[in-house]
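Working notes, beginning with the structure itself.
First the proteins, then the strands, lettered A, B, ... as listed; each starts at 1.
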Amino acid sequence: MTQPYMCEPDIIAATENVMPDLNTDLVLAKNFLKQQSAATGDSLYDHLVDIVHKILTQKPPDVADNFEQYSWAVKQEKFRPNFDLLNDIYLSPPQLSIVRQMDDMFRLVASKSEKIDMMGEEEQELDLEEDNTKPQVADLIDHNYYFREGGYGLPASECYAVYVALKMLSIKEPVATVRFFGKIFGTKANYYVAETDLTIEELDRRIREFELKDMPGEGEDIEEKEENEGEEQKEMLGEGEVLEDKNKEPVPPKLPPVPVSTWQPPPPIPVERPGQGINKKVFWVCNVPGEPWVCLPDLTPDHVRVARLTVRCMTGDLDAEIQTFPPFDGTERHYLRAQIARIQAATSVAPQGFYTFGSGEEEDIDMEEGMGDMEFNVNPYYHGHTLKDLLDPNLTYWVHHGRHILKQGRTIWWNPMAGMEEGLEEEEDEGPPPPEPESGPTLLTPLSEDARVEGLSAWTARRSSSLAPERALAVLRSNLWPGAVAYATDGKKSECMYIGWGLKFQPPNFSPLQLPRPQDEYPVGPEVMEMADPTFADEEAYRIAHLPPPPPPELPGEGEGFGEEEEEDED
Amino acid sequence: MNIHKLWEHREYMNVNGMMLTSELISILQNSLTLLQVENHFTHVQYWGQLYAVDADYHIAVGIDNDAMLDRKYFYTTDFKFWGLLPRAKRRYKLLSLLTTFPFRGDPTLKIKILDEALEENHPDRCQVIKEESRLAGTISNICDEAEICARGQLIKQPDGTVVINPNFYGLTGSEAKQLKSYLHIRPSQQRWNTNLLSRQDYNYSMDFLDSIDQDIPSGCWNLSLEQGGSVAYLKSLYWPGMTYFHKARTPDCGFLYVGNGRKNLDVPFLL
């Protein structure tokens with residue numbers, strides 16, 4: 001077909017015999033553009049007007065390339081209802097709830113500092129004396145500055161809020177020193193963790209509570225349980241007798257006695273008292289700086305043991321259930337406390353000489369208890385090391401100041417045989433030999449002695465800056481607990497911090513603890529051993545071997561009877 | 001992260017304990033701008049850092065015409081020389097998942113990888129690859145599984161090329177709280193219309209990628225809102241160290257990976 005293409009107006013003109021005219025063309029075209037679409041009731045004409053209007057007012061670059069985008073945006077705007085015009089509802093910004101909490105915190109801290117100002121003018125001398133009792137808050141802002149120089153740390157906005165929150169903690173709670181431990185991510189919320197020492201009075205109170213609660217309590221519980229079990233068994237027996245009396249006719253089969261478990265749980269490892277070992281520090285957590293701080297409970301050795309065998313993410317809810325194997329006795333607050341203790345034990349590092357052991361007298365006392373619980377203090381004579389020493393890949397200039405947690409889940413070894421020693425002597429060495437005391441690396445051991453992870457040393461040291469060496473500082477990151485970092489300047493500053501998931505790096509991957517093998521129900525003897533089924537050849541051989549002997553040829557009359565008798569005998 | 005916005009975005013990234021130091025940003029902006037000019041890239045992004053024993057690797061991405069298929073990855077340890085990473089073959093990707101030891105920091109190093117799933121005497125049981133290839137494989141794995149963008153950040157043009165949307169205004173506050181609004185930057189692995197069918201306000205130019213809410217298991221992405229709910233952070237549990245942030249109602253967003261390049265295989269136990 002070679003007809004020339006005809007436009008619509010041309011066709012109209014041709015049919016109506018009207019000469020094509022610019023005005024009518026325009027009107028026709030406009031009419032077409034103003035046709036409302038059946039689905040939305042919109043017309044292309046309005047839409048184009050809107051687009052052109054939007055483009056001319058906003059003057060964006062490269063309109064031709066992104067024209068589709070604009071068209072889409074204009075259409076979208078049309079369907080966005082404007083609630084403000086219809087009803088005057090004020091939607092408060094989402095930050096409101098947090099702002100309220102922060103506001104309370106700021107008010108509290110501000111009022112406290114005002115009070116101190118008032119006091120300060122009148123009783124300056126008294127204040128100096130009281131300095132010892134005033135809680136010491138570690139200068140997080142200063143430390144965070146150095147962490148940020150090193151490539152880690154908290155953002156400025158969070159850092160200040162956390163610092164004020166730490167001050168609030170020191171005002172509200174009976175604590176002597178406060179330090180920011182770190183931040184632990186959770187799936188729903190994060191935890192900010194503060195590490196504190198309690199005041200002497202509070203510590204005494206807790207120790208008294210601990211002794212009242214644990215020492216006599218546990219023994220009673222066990223005894224009660226045993227008694228209950230005994231009673232239950234008696235009841236069972238009693239019921240059995242009654243039944244026998246009632247139904248005499250069908251004699252019930254004689255049941256063997258219910259087997260009594262001979263397994264005895266290993267003696268529970270005693271909890272370390274508050275202010276000692278793994279419970280030396282008290283940890284407080286909150287989800288958002290400004291929320292009230294929640295004190296984490298003291299740690300038991302069992303929690304450490306289970307936490308070592310499992311991996312789990314924090315959820316952000318302290319009362320969340322922990323579902324693990326082996327079972328964990330407690331909620332997420334106990335689990336969090338266990339993880340914090342493990343992280344603290346493994347990743348508290350400082351340059352050599354930063355901390356020193358306490359004065360001579362204290363050492364003598366502590367030596368008796370064991371090396372695990374020695375006191376140490378900040379060394380006032382520490383002068384710092386050169387960066388070259390601190391960055392030495394052998395890391396001999398860095399030492400641990402976290403107490404090593406033994407396999408028992410305590411830092412001070414507890415002798416399970418201590419109570420039984422007298423009894424054992426009488427029984428003449430029937431029991432197992434006394435266990436060797438577990439011992440870990442002592443306090444202030446150099447990092448060079450840390451175990452390596454898959455050919456990688458447990459820590460990596462980096463210099464923070466190469467262009468400005470005079471401002472550089474040494475940054476140490478842990479490969480074992482990803483997220484744990486420490487810094488040290490060549491001056492007197494050093495600190496460590498943890499920001500991470502609270503998960504240990506376990507190459508190649510975590511493998512859950514296997515279920516123990518089921519116990520044998522009965523001794524394995526020949527009567528319960530499995531044997532191979534006899535084959536046809538075996539059976540045939542047996543049959544041939546046991547065939548009746550051929551009947552004697554004489555005495556045919558009596559032969560049958562004789563034969564039958566013999567067969568019966570064989571069977 | 002777009003290298004020309006590193007100064008603005010460093011505070012957002014810091015929330016997860018990682019800080020881009022001033023020196024790092026200064027050096028990156030310098031050397032990456034030079035790299036951009038040399039290679040005529042339209043965009044250059046800082047991708048992240050991989051920990052190694054001797055010197056850490058820093059990775060950058062150059063984007064030319066197509067923001068999805070035309071990505072070139074560069075690595076460096078000293079910021080002076082950026083080496084082009086080879087295209088990750090399937091073999092490299094598989095082998096890099098099997099390696100257990102850390103990166104050394106020397107791209108020419110030859111490493112032996114033992115595939116314990118194969119029988120003894122199998123010729124492929126012990127394979128030798130260069131660390132550069134392992135790096136390429138690792139990064140390709142991370143990109144496939146963890147590199148993401150907000151919906152609308154990448155758009156597909158009518159001619160099929162994918163470009164970074166210059167008119168991206170950000171997600172709304174409620175959209176930013178949904179995993180459905182974040183998409184994998186990788187050629188779609190599901191049927192092309194999966195994403196279109198599962199949302200009402202579908203858009204052919206935006207919903208051509210896989211959304212991350214379909215990843216298995218369902219908790220493997222961690223979405224958290226900080227700063228009063230105005231900034232959304234996404235962290236992958238599979239690749240610890242990966243972070244994506246997006247400030248709602250602004251075009252500010254960025255991806256960063258800082259880690260040791262090891263996939264966390266324990267995710268099913270964590271949840």
Exercise. Verify side-chain hydrogen bond (donor to acceptor under 3.5 Å, both in side chains) between B:E226 and A:N190, making sure each step is shown before the conclusion.
Key: CA-CA 10 Å; B:E226 304 274 339; A:N190 303 331; 3.2 Å; yes
Quiz item: If we only count heavy atoms from C-beta on, is the B:L237 to A:C313 side-chain gap below 4.5 Å?
Solution: yes
Quiz item: Non-hydrogen atoms of chain A under 4.5 Å away: do they reach the side chain of B:Y51, the backbone, both or neither?
Solution: both
Quiz item: Just by distance, do the side chain of B:D266 and the backbone of A:V311 share a donor-acceptor pair under 3.5 Å?
Solution: no
Quiz item: Do you know which of A:F147, A:Y70, A:F505 has the most heavy-atom pairs under 4.5 Å to chain B?
Solution: A:F505
Quiz item: Do A:Y152 and B:V258 have side-chain heavy atoms sitting under 4.5 Å apart?
Solution: no
Quiz prompt | Contact check, side chains of A:L467 and B:E23, non-hydrogen atoms, under 4.5 Å | solution = yes
Practice problem: Answer yes when A:R477 and B:D56 have at least one side-chain N-carboxylate O distance shorter than 4.0 Å, and no when they do not. | Solution: yes
Practice problem: Check each atom of B:I155 against the heavy atoms of chain A and say whether the ones under 4.5 Å are side chain, backbone, both or neither. | Solution: side chain
Quiz item: Highest number of heavy-atom pairs under 4.5 Å with chain B: which of A:R312, A:E158, A:M497?
Solution: A:R312
Quiz item: Would you call B:E11 and A:R148 a salt bridge, using N to O less than 4.0 angstrom?
Solution: yes
Exercise. Might you point out which heavy atoms bring B:L270 and A:L503 nearest each other, and give the distance in Å?
Key: CD2-CD2, 3.6 Å
